[in-house]
There are 2 protein chains.
Amino acid sequence: MTSINLKQSKFNTRQQILSATLTLFSSKGYFNTSVRDISRESGVSIGSIYHHFKDKEGIASSMYNNLIEQMVNELEQIKIRHKTSHDRCRAVIELLFVMSEEKPEEMEFMLSSKHRDFLPNEKPVCSSIPFEMMRDLVKEGIVSGEIQVMDLMVASSCLYGPSLRMITSRLDGLINKPLQDYLDAIWSSSWKAVAS
Amino acid sequence: MTSINLKQSKFNTRQQILSATLTLFSSKGYFNTSVRDISRESGVSIGSIYHHFKDKEGIASSMYNNLIEQMVNELEQIKIRHKTSHDRCRAVIELLFVMSEEKPEEMEFMLSSKHRDFLPNEKPVCSSIPFEMMRDLVKEGIVSGEIQVMDLMVASSCLYGPSLRMITSRLDGLINKPLQDYLDAIWSSSWKAVAS
DNA sequence: GTCTATACGACGATAGAC
DNA sequence: GTCTATCGTCGTATAGAC
């Protein structure tokens, strides 16, 4: 019993730290957040933080990989729920739109290409597993004949690029309505660009 | 004569600082570059740097606005050289591709949406004048009838989004061939998505 | 305008008691 | 495992001579 409590306690502290870190990095960025800030926000002492993580970069790395993993889970759900490439890719875009509306700062953090500035050993976002999975959906569409035979990067950029741009514009305050309002328009145009 | 030399000297020092700053920020990022680094790289002493600029942020701001201005000039050239929206938008994408191949790090810096982390008073990239000019080209295309009547942000995202995604992928090392090789494919698909 | 020397604070990280 | 106290470093920015 005691050992279970201890394990839970350890787990909770770790999660508290990671959760506070996500909040702070998303809103202020990695370099504008000190370990002291994380300690304050999480209610965990600095010493304890360094007990759980090697250094500040270790915290960032853990937190980032958590995000990636969650994203992978969502994408797997989509593969289960939808069968055609058309429906799956559309569902991916809808997912990204919903996430952008619900947690804009986390989305901004996740899409930012600037992780390399503080996680030099991490792959850039677009070569991460989620983006790879997204490209796989396109590849399957080409194989099945739903999508024209063309370069995979070109097809993926045409299918997802417009939506990702809409997300960036929304996060930058250039669009005032929720992204879901544009889903049909964006999707029908994007699909038109690659459909057989 | 003396006064001219002094003025030139001042101008050169300023430019040396800005040029070194661009190099360093592009390769290592704002937060990983110290003013000492800028001093070393530019060959200008710290004291002199602070004579020309209020603070580190001031250097970044000047450098960033220089980049924006150069971009505006290029876009104006395109408006002069091409007449239809179709040709102008295509030329814009070609310009971005060429710039990405010639100065990848500067391009990465310019497109990064993370300027807010160190330039909180600057508009985000997509609301900057160059992006506004790019959207204007699309708007004129809608008015002239070349492009379908549709939401301007949707149309712009469909036209430029795919190419911008290709650039990001190339900068992240996901694409091995020069972007120019993809120009025709990307453009014909992108145009198909919005053309009347 | 340019330089050297230096002030001063904040940061990441550690030591060691509990 | 968690905490407080503290160390050493390095960053930005300034002072003041030339």
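Chain A is the first sequence line, chain B the second, and so forth, proteins listed ahead of strands; every chain is numbered from 1. Keep in mind that the numbers below use all heavy atoms, side chains included, and drop hydrogens, waters and symmetry copies.
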Rounded to whole Å, CG of Asn32(B) lies from P of dC10(D) at a distance of 14 Å
In whole Å, what is the span from the NE2 atom of His51(B) to the C1' atom of dT4(C)? 17 Å
Please verify the inter-ring angle class for Tyr64(A) with His115(A); under 30° counts as parallel, over 60° as perpendicular, anything in between as tilted. tilted
I'd like a list of close polar pairs between nucleotides 12-15 of chain C and the protein, N/O only, cut-off under 3.5 Å.
unit_1, atom_1, unit_2, atom_2, d
dG12(C), OP1, Lys56(A), NZ, 2.8
dG12(C), OP2, Val35(A), N, 2.9
dG12(C), N7, Arg36(A), NH1, 3.3
dA13(C), OP2, Tyr50(A), OH, 3.0
dA13(C), OP2, Lys56(A), N, 3.0

Could you state the atom-to-atom distance from CZ of Phe53(B) to C1' of dT14(D) in whole Å? 18 Å
Return the value, rounded to whole Å, for the distance between atom CD1 of Ile49(B) and atom P of dC3(C). 9 Å
Are Asp87(A) and Arg90(A) close enough for a salt bridge, meaning some N to O gap below 4.0 Å? no
Just to verify, what does Glu105(A) make a side chain to side chain donor-acceptor pair (under 3.5 Å) with, not counting sequence neighbours? none
Sequence neighbours excluded, which residues qualify as side chain to side chain donor-acceptor pair (under 3.5 Å) partners of Ser45(A)? none
Is there a path of hydrophobic side-chain contacts, each under 4.5 Å between heavy atoms of I/L/V/M/F/W/Y residues, joining Ile129(A) to Met110(A)? yes
For dT2(C), does either OP1 or OP2 sit under 4.0 Å from a side-chain N or O belonging to Thr13(B)? yes
Rounded to whole Å, please give me the gap between CD1 in Ile59(B) and P in dG11(D). 14 Å
So, is the end of the Lys114(B) side chain (NZ or CZ) under 6.0 Å from the ring centre of Tyr30(A) and within 45° of the ring's axis? no
d(CD1, Ile38(B); C1', dG11(D)) in whole Å: 12 Å
